[in-house]
Amino acid sequence: MHSIGLCIDKRFIRKEAVDERIFGAFVEHMNNTIYHGLYAPGHPLANQDGFRQDVIDLVRTLRLPLIRYPGGNFICTYRWEDTVGPVAERPIRADLAWRQLEPNRVGLSEFARWVEAVGSRLALTVNLSTRGAVEAANLVEYCNHPGGTYWSDLRRRHGDEAPFDIRLWFLGNEVDGPWNIGRKRAEQYAWDAVEAAKAMRRIDSGIELVAVGSSGTQLDTYLSWDQTVLEEVYDCCEYLSLHRYAALPDTDAPDSYDCADTGAYLALAGRLDRNIQDVRAVCDYVRGKKRSGKTMYLSVDEYNALDAGLEVAQPEISPWQLGPSIHTPGLTMRGTLLFALYMLTLLRHADRVKIACQSILINGAGLVICEEGQEAWVNGSYYVFLHCSLYGRGRILDAVWRGPGNPSSLADSVCVYHEHVRELVVFAVNKGGETLDFHVETACFGPLLLLEHLELANADPYARNSADCKDALKPVARQDVTITDQGIRCELTGYSWNVIRLKER
């Protein structure tokens, strides 16, 4: 059995706590995420607004601080005016992004109520692919202005007396991608983003803005896009976005690693780490070039882990359907671990990553699955996200690995300290199938008391949850942590996600 460990010290606790918005999520009008997903008026568990209550309950448990909406690629031809007012009067549109029907039954007001029901806050994306500054400013006026103007009074006539008070806005989505309707060159997008920011802040000067960064490392414009955009928007935006889907063929090309090798598959987490470092470097270069005292922070506003090397037969989906079901089997154990490694990477970079949105929250490879005719169930990644959301909102401790060879090739870990309750949390992933002897040097914390050790594990890296087997991947409590004056020690089961919570005596 390999023996590896960490050394942590209170002198190396970061000054700033993790921004809670790193535990956000993303919902898009795509496939059956909205229609026949979270919105299903005919479902036995649908509430008076047509939303599934079982889904609301599962999402509410996650304590999401924000939900990014409505796109995604869906935003590229989005007309927000279609989504407000009497539902019966709203037009049915052909959505060019996903080639499906959009009846606008779930519009801005309806989705805002869903967000409130799940205990979160709404963050909106504006269309800067095929629309511009005026339309974006009108949307801010509709959402945030108290009254006395055309758009704010229209909102009130529509039944929403109080403003939605949206604080965070995304200036478009993946505008550099060849797949995007209304794709733009960096110079063109940057100019449009500056003008949109100007117009939007004329309505509400207190909003925060996210500019579109490179959509993927596979693009020829990767990083040069970021530099060009930043040189224009640096003074008017607070964040630059990046998107990363682990094992997506377009970005993590299947021929660049052995899909059947679980170790090589889990090593894809390192590509997110490099991606963040690259974009961070460009931000700092532009800061230096502009001789600015401002730090540009990052928004990883779309991320997830996908299974690789597994062929899933899909029935042919005819275009122009309403909420077509694209069945995705549950995320495997190794996919869950890759998702966990992604979350640890985001926590490790929390000094610059202030916003992150798991994508997509509902159905597909989401956290919650609620396809037609099924009871809602959750992927293993749901529990990983839940644990991080509940116990990751503290201050990161910089840690040093101890052990022969390269311990970080066997496991990954992030430690979080909650000063106000004197609690230490150790998140740990065992990347291999063999049990690890894991220890953490904690002498600087004094005597510790074990609160709990939660473990999500399965010896079969391809095990997964499903509608028929909802608990193949589910955390269990363990009581095998040994605590001494010098630290803690326990065994990490092969292919496992672990949460060890300790309290200072």
Less than 4.5 Å apart, side chain to side chain, heavy atoms only: is that true for Ile369 and Val378?
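Sidechains of Val378 and Ile369: no contact.
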
So, do Leu473 and Leu456 sit near enough that their side-chain heavy atoms are less than 4.5 Å apart?
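The answer is yes, as the side chains (C-beta and beyond) meet within the 4.5 Å cut-off.
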
Checking side-chain polar atoms at under 3.5 Å, does [X] have a donor or acceptor matched by the opposite partner on [Y]?
{"X": "Asn498", "Y": "Ser496", "result": "yes"}
{"X": "Tyr303", "Y": "Gln358", "result": "no"}
{"X": "Arg244", "Y": "Thr217", "result": "yes"}
{"X": "Thr33", "Y": "Glu28", "result": "no"}
{"X": "His158", "Y": "Tyr142", "result": "yes"}

Take Ile56 and Phe51 through the test side chain to side chain contact (heavy atoms under 4.5 Å, CB included) and record every step on the way to the result.
CA-CA 8 Å; Ile56 289 174; Phe51 295 116; 4.0 Å; yes

Using the rule given for side chain to side chain contact (heavy atoms under 4.5 Å, CB included), can you reason through Ile276 versus Leu346, listing the C-alpha separation, both sets of side-chain angles and the distance that settles it, and then say yes or no?
CA-CA 9 Å; Ile276 292 173; Leu346 294 173; 4.3 Å; yes

Quick one: which of Thr251, Asn304, Asp301 gives a side-chain hydrogen bond (donor to acceptor under 3.5 Å, both in side chains) with His243?
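The residue from Thr251, Asn304, Asp301 that satisfies side-chain hydrogen bond (donor to acceptor under 3.5 Å, both in side chains) with His243 turns out to be Asp301.
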
Looking at residues at least two apart in the chain, or sitting in another chain, which of them share a side-chain contact (heavy atoms from CB on, under 4.5 Å) with Glu419?
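Result, side-chain contact (heavy atoms from CB on, under 4.5 Å) vs Glu419: Arg395, Tyr417.
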
Centroid-centroid distance, [X] to [Y], less than 6.0 Å:
{"X": "Trp151", "Y": "Trp80", "value": "yes"}
{"X": "Tyr78", "Y": "His29", "value": "no"}
{"X": "Trp497", "Y": "Tyr383", "value": "no"}

Ile207 versus Asn144, closest heavy-atom pair with distance:
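Answer, listing the atom of Ile207 first, then Asn144: CG2-ND2, 3.8 Å.
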
Taking the six-membered ring of Phe170 as reference, does the NZ or CZ atom of Arg68 fall below 6.0 Å from its centre and within a 45° cone about the axis?
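Ring-cation test returns yes.
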
Do the numbers put Arg334 on top of the ring of Tyr265, so that NZ or CZ is under 6.0 Å from the six-membered ring centre and no more than 45° off the axis?
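Yes, Arg334 sits over the ring of Tyr265.
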
Arg348: side chain to side chain donor-acceptor pair (under 3.5 Å) partners, not counting sequence neighbours:
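Residues passing side chain to side chain donor-acceptor pair (under 3.5 Å) with Arg348: Asp412.
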
